[in-house]
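Heads up, the thing below is written out as structure tokens.
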Amino acid sequence: MTEYTPQQLDKKWQHRWTSDRAFAAAIDPARPKFYVLEMFAYPSGHAHVGHVRNYIIGDICARMKRLRGFNVLHPFGWDAFGLPAENAAIKTGLHPETSTLANIAHMKGQLQRLGVSYDWEREIATCLPEYYKFNQWIFLKMFERGLAYRRRSTVNWCPVDNTVLANEQVVDGACWRCGTPIVTRDLEQWFFRITAYADELLQGLDTLTEWPEKVAVMQRNWIGRSEGARITFAVSGSAETIEIFTTRIDTIYGATFVLLAPEHPMVDRFAAEHATPDAFRAQVQAFRALDRESRLTGAIEKEGIDTGRTAINPFTGQAVPIWIANFVLAEYGTGAIMAVPAHDERDFAFARKYQLPIRIVVREAGDERTEDQLGEASTNYGQLVNSGPYTGAEAPAVMSRMIADAAARGFGKGEVQYRLKDWGISRQRYWGTPIPMIYCEKDGVVGVPYEQLPVELPKVAAFTGRGDSPLAQIPEFVNVTCPTCGGPARRETDTMDTFVDSSWYFLRFCDPANADLPFSPESAAHWMPVDFYSGGVEHAILHLLYSRFFTRVLRDVGLVTFDEPFKRLLTQGMVLKDGAVMSKSKGNVVDPDTMLEKYGADALRLYVMFVAPPEKEVEWSDAGLEGSFRFLLRVWRLIDHWCETIGGDGIPSCGPDCNERERAVRRKTHQTIGRVTADIEERMHLNTAVSSLMELVNELYTFSQQTPRGGPGREDKDVVQRERPETLAVLREAIEALVLMLAPFAPHTAEELWQMLGHPETLAKASWPAYNADWAKADEVVVPVQVNGKVRTRVTLPAEMSDDQVRERVLADASVMSHLEGKTVKKVVVAKGPLVSIVVL
RNA sequence: GCGAAAGUGGCGGAACUGGCAGACGCGCCAGACUUAGGAUCUGGUGGGGAAACCCUUGGGGGUUCGACUCCCCCCUUUCGCACCA
């Protein structure tokens, strides 16, 4: 008996794979390509088993596809810029580069100890100049195309810490660090014009048939396309106009007032012309000062201010009051709306509160209520009433006619609005990609010339956590000469949002050493798209949408020819411990290294795949891990017992002369091959793939125990071989198939067993077992017989009988007849399976 | 509030297009082998009942020869969206 020592096997085979360059991918026209990718990692320092699960899901896929004959690209890298490293630097003084590189080294070791089959020769880290150089390259391309632009925008600002805060750092309207109420500040920020691709990003979702529907829905909501109309209301007694956006032009005859956002440009003019401008401004200021977060989520009470002015509803010609409302958003639509209280809940509440007029203009069939009888707004479509020439028309059909009429009369047009906003990428931070722009008094905003890229991040900076971008405090960085005129100029000192880094890294893997381009078009044309992409659902919006955006931009730049980067997407569930997500602060982290020391990589890999389907959240269980370890031990003992007998030469392949028990083993083998192949390749049901393998092992154990074994020095070897070569043949076939199918899950153990079975080459040279449908078929079937819907007995029949034969044989069966005694057979159904259902009276 | 997904033994979960519910594993019980076992092997393990048999996939209806699966109502949980005009 050879002892199973997984820790030693892990080391042995990991060295072998490295020295063989077993997972190094190179373009090979002879084999179909397959690109497997897991979302790359933020180098926090330590990977816990939750992270590990995702890498192993991808690895099962990569290793299986290699055995299936694909040329697999399976790379890994590091999303290495970001706030945590910089915050740590502010606290400890340790430079972000030092801590990040140390974290990468440690986590890389963890992944290697798990035996994840990455092509480490393609490893990338976004914090290295050879990577972020191309963030800058892409930025400049986008700048040239008007897709990167600069404008003032409102940010969260803590007046005590004197710094910008991300939305996530604002807790209940106050600074997370010092508790000071947040103010907003207008800063010049760089934006990516993702809205230019809004429609394309929306329509592309329909082509992503191998994405979870949930993610597509989230992206659809995020893009938030709505079709409507832009209508111009003239301000009474003035040449000014107010533009409103509405999706319900059918209700416009019921628009009895107009509401402006507090930030609407017209508001300041109205204030200046107001009877009591100071009091008016104070009220408006109170609205503007409301916590952004609660304004956006609707947590505040709806309130308004009467401007005292009116506007002309262009359809009715009537003057309607103009109010300012705290719930109207400046950033959506035109920042102004027509209020239709009878047919909009918010407008209804507002009208009731301030006693503004309500006018019903849409009737659902049978609704006879008057305005006074309305308890709430009626928001459904219906037949128009009180709507001038449109009275009697049906909405929504009438809307296109009304829009056309508005356009013809010069006060409106059809318009599409999006909730999606342009992507603000400026960060007043050090640990990110410098934005490659220069400001010259004479030449204005100038891009850094391509040949001067990368704009390197200076190594030294003061991490005080105060004020503007740390880069602004480094004169050697800031002061440059203008590339256009050669005069003195200033560098942009903000860095890019780290989501820029992750929006194209999957393309860099195609050609990671390219010094001239982000990647060569040829390499991307070969490897892309990613065939199988897995990661956490928390990236459903940001990363996965930005990546789709970047892919289209790079398409328009001419680097790629496709639209969608990720063909199949799997969002893996988290691993919980004690019912909670693992985190350092909760102290419930399960460290993979501890598990590796105790059970080896394969038991851990097998367990996280077996415990539940990959998409599901799971609760960590030490006992479950032990069970997986026991299974591997079982496999080991089985093969250790047989390897010398069935390994090597002289064993025939499965012939036609198998007896019943041999055919049963062969049947189970091929049924298992069929199930496991489909489970991994089509359904990604990795848990049932493992359980199928367990079933096969259970059956082989029984078979093994009933089969006298030969071996060196044992005389019964010759007996078995001479008398029943088929026994050894089916056993060998079963065991080799088992090892091959186990290989994606437990690669170290599988390699060792493969060697024990007499194969000098590694599994890199092996092929996935072939499925034989004929051999998977049963000789005879047990037919359940239902009487009035309940299974009463079973009849064993030869396989492949016609339905009529089955019916005849079942009805003639003694045990069936005993259940039918004294009753009248009304109906007999033979279902596939087969199964027989008899209805009696 | 709106939308989606889910609810199956003591636990994690199977059941592919409507066809034998509970595969596989954990746990538990019994036995074998052992000086011993938290190793290994064998058997058992949804509930009730002595048995025939009955009940059982969140609850209640329905469709069907047949429902975990389809339809309607309700309950619970999780996730997403949440003043977007």
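Protein chains get the first letters and strands the later ones, always in sequence-line order, with residue 1 at the start of each.
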Is the distance between the ring centroids of A:F629 and A:W636 under 6.0 Å?
-> no

Ring centres of A:F411 and A:F315 under 6.0 Å apart?
-> yes

Counting any heavy atom closer than 4.0 Å, what does [X] reach on the DNA or RNA strands: base, sugar-phosphate only, or nothing?
{"X": "A:A623", "answer": "sugar-phosphate"}
{"X": "A:V217", "answer": "nothing"}
{"X": "A:P613", "answer": "sugar-phosphate"}
{"X": "A:N687", "answer": "sugar-phosphate"}
{"X": "A:E695", "answer": "sugar-phosphate"}
{"X": "A:Q705", "answer": "sugar-phosphate"}
{"X": "A:R675", "answer": "nothing"}
{"X": "A:K790", "answer": "sugar-phosphate"}
{"X": "A:G627", "answer": "sugar-phosphate"}

[X] vs [N]: side-chain N/O to OP1/OP2 distance below 4.0 Å:
{"X": "A:K214", "N": "B:rG80", "value": "no"}
{"X": "A:S628", "N": "B:rG25", "value": "no"}
{"X": "A:R230", "N": "B:rA85", "value": "no"}
{"X": "A:R637", "N": "B:rC41", "value": "yes"}
{"X": "A:K616", "N": "B:rG13", "value": "yes"}
{"X": "A:R220", "N": "B:rG80", "value": "no"}
{"X": "A:Q219", "N": "B:rG80", "value": "no"}
{"X": "A:Y332", "N": "B:rA85", "value": "yes"}

Quick one: which of [options] gets closest to the side chain of [X]?
{"X": "A:M694", "options": "B:rA14, B:rG25, B:rU40", "value": "B:rG25"}
{"X": "A:K827", "options": "B:rG13, B:rC53, B:rC65", "value": "B:rC65"}
{"X": "A:V829", "options": "B:rC65, B:rA85, B:rC24", "value": "B:rC65"}
{"X": "A:Q786", "options": "B:rC53, B:rA15, B:rG19", "value": "B:rG19"}
{"X": "A:R419", "options": "B:rC41, B:rA15, B:rA82", "value": "B:rA82"}
{"X": "A:N698", "options": "B:rA14, B:rC81, B:rC24", "value": "B:rC24"}
{"X": "A:R630", "options": "B:rA85, B:rC26, B:rC41", "value": "B:rC26"}
{"X": "A:A831", "options": "B:rA85, B:rG19, B:rA21", "value": "B:rG19"}

Separation between the [atom1] atoms of [N] and [M], rounded to whole Å:
{"N": "B:rA5", "M": "B:rU69", "atom1": "P", "result": "15 Å"}
{"N": "B:rG61", "M": "B:rC55", "atom1": "P", "result": "14 Å"}
{"N": "B:rA21", "M": "B:rA15", "atom1": "C1'", "result": "7 Å"}
{"N": "B:rG37", "M": "B:rU45", "atom1": "C1'", "result": "23 Å"}
{"N": "B:rU77", "M": "B:rA82", "atom1": "P", "result": "22 Å"}
{"N": "B:rU8", "M": "B:rG22", "atom1": "C1'", "result": "8 Å"}
{"N": "B:rC71", "M": "B:rU63", "atom1": "P", "result": "15 Å"}
{"N": "B:rC11", "M": "B:rG47", "atom1": "P", "result": "12 Å"}

salt_bridge([X], [Y]) N-O dist < 4.0 Å:
{"X": "A:K577", "Y": "A:D622", "answer": "no"}
{"X": "A:E617", "Y": "A:R53", "answer": "no"}
{"X": "A:K353", "Y": "A:E301", "answer": "yes"}

Can you find a side-chain donor-acceptor pair between A:Y418 and A:D199 that sits under 3.5 Å?
-> yes

A:N221-A:R419 side chain donor-acceptor pair, cut-off 3.5 Å = no

In whole Å, what is the span from the [atom1] atom of [X] to the [atom2] atom of [N]?
{"X": "A:E617", "N": "B:rC11", "atom1": "CD", "atom2": "C1'", "result": "17 Å"}
{"X": "A:R634", "N": "B:rA39", "atom1": "CZ", "atom2": "C1'", "result": "14 Å"}
{"X": "A:N221", "N": "B:rG3", "atom1": "CG", "atom2": "C1'", "result": "8 Å"}
{"X": "A:E615", "N": "B:rG13", "atom1": "CD", "atom2": "P", "result": "12 Å"}
{"X": "A:I403", "N": "B:rA85", "atom1": "CD1", "atom2": "P", "result": "13 Å"}
{"X": "A:D640", "N": "B:rA39", "atom1": "CG", "atom2": "P", "result": "20 Å"}
{"X": "A:L576", "N": "B:rG12", "atom1": "CG", "atom2": "P", "result": "12 Å"}
{"X": "A:E626", "N": "B:rU40", "atom1": "CD", "atom2": "C1'", "result": "15 Å"}

Name the residue closer to the 5' end of RNA chain B, choosing between A:W222 and A:M338 according to the nucleotide with the nearest heavy atom.
-> A:W222

Closest to the 5' end of RNA chain B, once A:T334 and A:V839 are matched to their nearest nucleotides, is A:V839

Look through every strand shown and name the nucleotide pairing with [N] as Watson-Crick or G-U wobble, where both distances are under 3.5 Å.
{"N": "B:rC11", "result": "B:rG25"}
{"N": "B:rC79", "result": "B:rG3"}
{"N": "B:rG49", "result": "none"}
{"N": "B:rA67", "result": "none"}
{"N": "B:rC41", "result": "B:rG31"}

Hey, does the side chain of A:N788 reach the backbone of A:V840 with a donor-acceptor pair shorter than 3.5 angstrom?
-> yes

Geometric cation-pi criterion, A:R634 with A:Y701: 6.0 Å, 45° = yes

Any idea if B:rG9 is syn or anti, going by the 90°-from-0 cut?
-> syn

Flag side-chain contact, heavy atom, 4.5 Å: A:K668 against A:F703 | no

